[in-house]
Amino acid sequence: MSTTRWLAEYAWLPDEPEPTADVLIETVDGRITLVAPLAARTPPTAGVEVLADAVRLPGLTLPGLADAHSHAFHRALRGRTHGGRGDFWTWRDLMYTVADRLDPDSYLALARAVYAELALAGVTCVGEFHYLHHRPDGGRYDDPNAMGAALVEAAAQAGVRITLLDTCYLTATVDGQPLTGPQRRFGDGDANRWADRVEAFTPAGEHARVGAAVHSVRAVPADQLGTVAEWARRHDAPLHAHLSEQPAENDACRSVHGRTPTRLLADHGVLGPTTTAVHATHLTSADVNLLGGSGTGVCLCPTTERDLADGIGPARRMAEAGSPLSLGSDSHAVIDLFEEARAVELDERLRTRQRGHFTPAALRDAATVTGHAALGWTDAGRLAPGNRADLVTVRLDSARTAGVPPVGVFFAAGAADVTQVVVDGRVVVRDGRHTTVDVPAELTAAIRAVITS
Ligand SMILES: [Zn+2]
């Protein structure tokens, strides 16, 4: 049994509106076994003997952050698509040229570096929305799950947990045009063959689990949505779907199916408490009620949505309707869950010209416990006994955070303020550096290997 005692200068405990000072946290074999604010002890000197060997955590310690929506390979596009005009669809063309060049070895190298960058930002668990399944011409690898296995291994090497959201991607358009060019490697033919391939995949390692995803109503024909939903239900697996990121997708869905994408997903059994809709930007009031009423979660990706000029989703209305909110860095144009979290509030302010839609604790929950739950890890994201020993410590003495009260950290800190990250009891980031990966060097090499301009 391996026991560690940590003494956090501040720790943000569940159900507390603000962080608490001087909290003793004990972890045994990757689980939190004790969380004790010292001020609550009577007499106050009780327990001093156990503090002698406690590891001090200066700053604010949070539960592990969950990045609930990632496409690891999009990281290669950072800084390459932001300068000019063009829209979501022109960005997508460049993204496809990168997708075309990856194989299991180069994807392992790239994803290992990206996941290590996530770890540096305090992310302890990533939801990888994975659809680069096959060879560029659509042929199978000897192991048809070689690309998924590479992502699972990448997460292991980077020291984070992963939910591999194996994505069903069958058609190019809502009216069923076949996949061509770089899209060919995404497709399994039909949903049954997708299910057979996923069924055969057992991820290596305790750090990984498999979930399902419907790429979008564009990529899965209506009559096959139920097959994916049924697979997820049968395996008690999380189910994710891109939803209404672009008005053009809504228009096409209305014209082909006579209803909104949300309605279409609802009619085919895709919505529910273990489902997460990603983006949910352009919704009708009825859509908001369908999502909330079914308990479907919503993963917002504000830095990507702003980069791609998608628009601002109705975050407050969705939360009020009953949708738990989580966060994703999606295209990785930015990897900073603090920025994603405050954007949920700040974008709502821009839209409504009013302040105060989400409390700091609500933003913390979106970044931590709700994100983990959306990825199927219901025992993570809270600093409480029984939870996984994920501890993310943020310094309060940087140029950004100096003088900021701990409760203000989601409005002040950035990824660079994360000093220490513990995942399942193991230290993955210490003094702001990854313990096993030279993140800048590996990112540089991995991106050079797949992009030439
Ligand atoms: Zn996405």
Side-chain angles (χ1 to χ4, degrees), residues 66-78 81-82 87-96 98-99 102 107 110-111 114-115 118 123 125-133 147-148 151 162-172 182-183 185-187 211-220 228 238-250 261-262 265 270 275-283 291 296-313 315 325-337 340 343-344 366 371 374-375:
D67 187 340
H69 191 68
S70 159
H71 305 281
F73 73 97
H74 293 191
R75 173 65 179 81
L77 302 176
R78 185 186 293 177
T81 64
H82 315 295
D87 58 12
F88 172 89
W89 307 101
T90 52
W91 169 84
R92 197 183 69 160
D93 287 343
L94 184 60
M95 182 264 282
Y96 282 168
V98 174
L102 287 162
Y107 206 8
L110 177 57
V114 174
Y115 295 160
L118 287 173
V123 171
C125 185
V126 60
E128 180 65 31
F129 199 103
H130 166 57
Y131 51 84
L132 294 185
H133 301 306
M147 292 292 263
L151 291 164
I162 184 170
T163 297
L164 188 78
L165 297 160
D166 196 299
T167 303
C168 187
Y169 196 133
L170 304 172
T171 54
Q183 295 180 326
R185 68 185 315 181
F186 308 165
V214 166
H215 179 275
S216 56
V217 298
R218 177 167 55 74
V220 180
V228 183
L239 172 61
H240 287 218
H242 287 132
L243 180 67
S244 293
E245 181 177 5
Q246 290 288 324
E249 177 188 302
N250 285 359
T262 304
L265 295 184
V270 175
T275 298
T276 296
V278 181
H279 302 302
T281 308
H282 301 283
L283 301 185
L291 292 174
T296 301
V298 172
C299 179
L300 302 166
C301 308
T303 67
T304 294
E305 289 151 10
R306 92 172 53 138
D307 182 52
L308 294 177
D310 288 344
I312 301 170
L325 302 183
S326 55
L327 302 172
S329 58
D330 191 2
S331 70
H332 303 305
V334 172
I335 289 181
D336 189 335
L337 270 283
E340 304 292 349
V344 173
L375 298 174

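Counting convention: from 1, in listed order, for ligands and their atoms alike. When a residue number appears, it is its place in the shown sequence, counting from 1.
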Go through it in stages, so that I can follow the logic: the residues are E128 and S70, the test is side-chain hydrogen bond (donor to acceptor under 3.5 Å, both in side chains), and I'd like the CA-CA distance, side-chain angles, deciding distance and then a yes or no. CA-CA 5 Å; E128 180 65 31; S70 159; 2.7 Å; yes

What N, O or S atom of H69 is found closest to the Zn ion (ligand 1)?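 Of all N, O or S atoms belonging to H69, NE2 is the one nearest the Zn ion (ligand 1).
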
Taking 2.8 Å as the cut-off, does H242 contribute an N, O or S atom near the Zn ion (ligand 1), distance below it?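 Yes, since at least one N, O or S atom of H242 sits under 2.8 Å from the Zn ion (ligand 1).
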
Any N/O/S atom, backbone or side chain, of H71 lying under 2.8 Å from the Zn ion (ligand 1)?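 An N, O or S atom of H71 is closer than 2.8 Å to the Zn ion (ligand 1), so yes.
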
With a 4.5 Å limit on heavy-atom distance, are the side chains of V278 and C301 in contact?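 The answer is yes, as the side chains (C-beta and beyond) meet within the 4.5 Å cut-off.
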
If I take atom CD1 from residue I335 and atom CG from residue D330, how far apart are they, to the nearest 0.5 angstrom?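 Reported value, rounded in 0.5 Å steps: 11.0 Å.
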
What I want to check is whether the side chains of H240 and H242 have a donor and an acceptor closer together than 3.5 Å.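 No, no side-chain donor-acceptor pair sits under 3.5 Å.
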
